[in-house]
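For reference, the structure is listed below as structure tokens.
Indexing begins at 1, ligand by ligand and atom by atom, following the structure's order. Note that these values count all heavy atoms, side chains included, but never hydrogens, waters or copies made by symmetry. The first residue in the sequence is number 1, and the count goes up from there.
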Amino acid sequence: MGSAVNVFTMLEAAATRHPDEGALYLGEQRVATWRELRDRALRLGAALRDSCEPGTRIAVASENRPEIVELLFGIWAAGCVVVPINFKLHPREMADILGDCEAATVFASPKIAAELASHTDVRIEVVGSAAYLGRFDTAIQPAADVDPAALAWLFYTSGTTGRSKGAMLTHRNLTAMTVAHLADIDAPDNGCALVHAAPMSHGSGLYIPAYVLRGARQVVPASGAFDADEFLDLCAAHPGCAAFLAPTMVQRLVDTGRGAPPTLRTIVYGGGPMYVESLKQAMAAFGPIFAQIYGQGESPMTITGLRRADHQCGEDAILGSVGTARSGVEVAVLTEDGTRAAPHQIGEIVCRGDVVMAGYWNNPDASAAALAGGWLHTGDLGSFDDRGYLTLRDRSKDVVISGGSNIYPREVEEVLLAHPAVREACIVGAPDAEWGEVVVAFIVGDVAASALDAHLLERIARFKRPKRYLFVDELPKNSYGKVLKRELRARLA
Ligand code: AMP
């Protein structure tokens, strides 16, 4: 047994050092001090422990709202595992995740609770309801001791097979991620703020521990989502602001034509490709406030990083890279025979270190494949230069990344193929100035695009729908009968 380090201790540290300072904000309005936030999380944790064993999975499905912070730390205080669910998913997809992780309860916003009710048997507790508020009458108990190898967060990524896989993130993983963020990317203190523009179930949420540890306030936009003007106004109203943004969101900020308020200190971008031209425009508009991360749910937010200082080099090759290995992470590029690639040679990107997940929930085969040989196999292709800067070349998985959200072709293809008039379907990503990539569907079949759109809307999240449908007589295939996506992409380019 290692020493017990519950991620909850990060909130304890902030509450001890800065008890009466503002911790949590909805827009410009203060919701809790650090002492109040710590006490609320401990009460919630004590209430959960009355009914849940340590290790119980408790899901959270909500647009961004301040309660997500108390839920995360409350669930950790109870020694339970949080399962944050992307609020943009279709209720059926949410129900699949709830079933897969065997969640005891899902804390849902009123809107999502209403949509979810007919799709799942899992107990739904509405955030802000009388039952929810009643939990805070429970007497405070100290946080549970947990082994560092105990699960803290089940991070659901979509599998290429169409089924979501839950990356098991332990307290040790989240601690390594937090330390690496503070070492490489941003060093906030209690005079700073983290503004939650991206979904708190994913990118933005993973940054909560680092900023909480340093006593930096958590600011949730009143709209619960990302609006460029609202975001810039909020950054002007709070001190020392930092935020995690998908590349599309950075573009939206630039498009406002407004400069950065002096209180906007750091923008961390990543999760999808940022084109060099867009990055240069963003730096011209907002100044030297950018840092990039490359990571994935399986090595949360932490494989390589392009540091703030790297952005000042003026070299396109560096600006177009994803930076260097993060602190505490070993990154390598492996050739097809498993040996290390030479500089500039392309191969699969792998990494290892304390930040890498323990495996996939309930999926030993996928875990063994992803973690073969003690390395996390990212499925991304890339190459190092002589100075240790990594450039992503292509994704071996054919995932389409649109506006920072991953869309897995196979999943959309399967739903399209379920339409009786569709004979063949193939999804590829087309480069797009606004979204990074957009989904394009090649269809063989006699059917209207509007009918396919309606078919998809009933079955999967809106953001996964194709932006364009192209009807063709046949799909190009190789001699094994496999569709040549490369050829389809070339037609689009
Ligand atoms: P997810 O697990 O949903 O976070 O998706 C992870 C994938 O997004 C990675 O495997 C990459 O393919 C891609 N990705 C993440 N960060 C970057 C980045 N900085 N630049 C380009 N692609 C990225």
Atoms in ligand 1 flagged as close to [X], the criterion being non-hydrogen separation under 4.0 Å:
| X | value |
| --- | --- |
| L392 | 20 (N), 21 (C), 22 (N), 23 (C) |
| D380 | 9 (C), 10 (O), 11 (C), 12 (O) |
| I401 | 8 (O), 13 (C) |

Heavy atom of I293, distance to ligand 1 below 4.0 Å: yes
Heavy-atom gap I303 to ligand 1 smaller than 4.0 Å: no
Test of ring centre spacing under 6.0 Å for [X] and [Y]:
| X | Y | value |
| --- | --- | --- |
| H196 | Y207 | no |
| H238 | Y211 | no |
| H171 | F8 | no |

Going by the closest heavy atom to [atom], which one wins out of [options]?
| atom | options | result |
| --- | --- | --- |
| atom 16 (N) of ligand 1 | G297, A167, G271 | G271 |
| atom 4 (O) of ligand 1 | Q296, H202, M274 | Q296 |
| atom 15 (C) of ligand 1 | G320, G295, P300, G323 | G295 |

E298/K165 ion pair, N-O < 4.0 Å: no
Under-4.0 Å salt bridge between R465 and D453: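 Salt bridge between R465 and D453, a charged N being under 4.0 Å from a carboxylate O: yes.
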Close side-chain approach of P409 and V428, heavy atoms under 4.5 Å: no
Review item, side-chain donor-acceptor pairs of residues 364-376, under 3.5 Å, at least two apart:
unit_1	atom_1	unit_2	atom_2	d
S367	OG	Y360	N	2.8
S367	OG	Y360	O	3.4
S367	OG	N363	O	2.9

Which segment of Q292 sits under 4.0 Å of ligand 1 when only heavy atoms are counted: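 For Q292, the contact with ligand 1 is made by the side chain alone.
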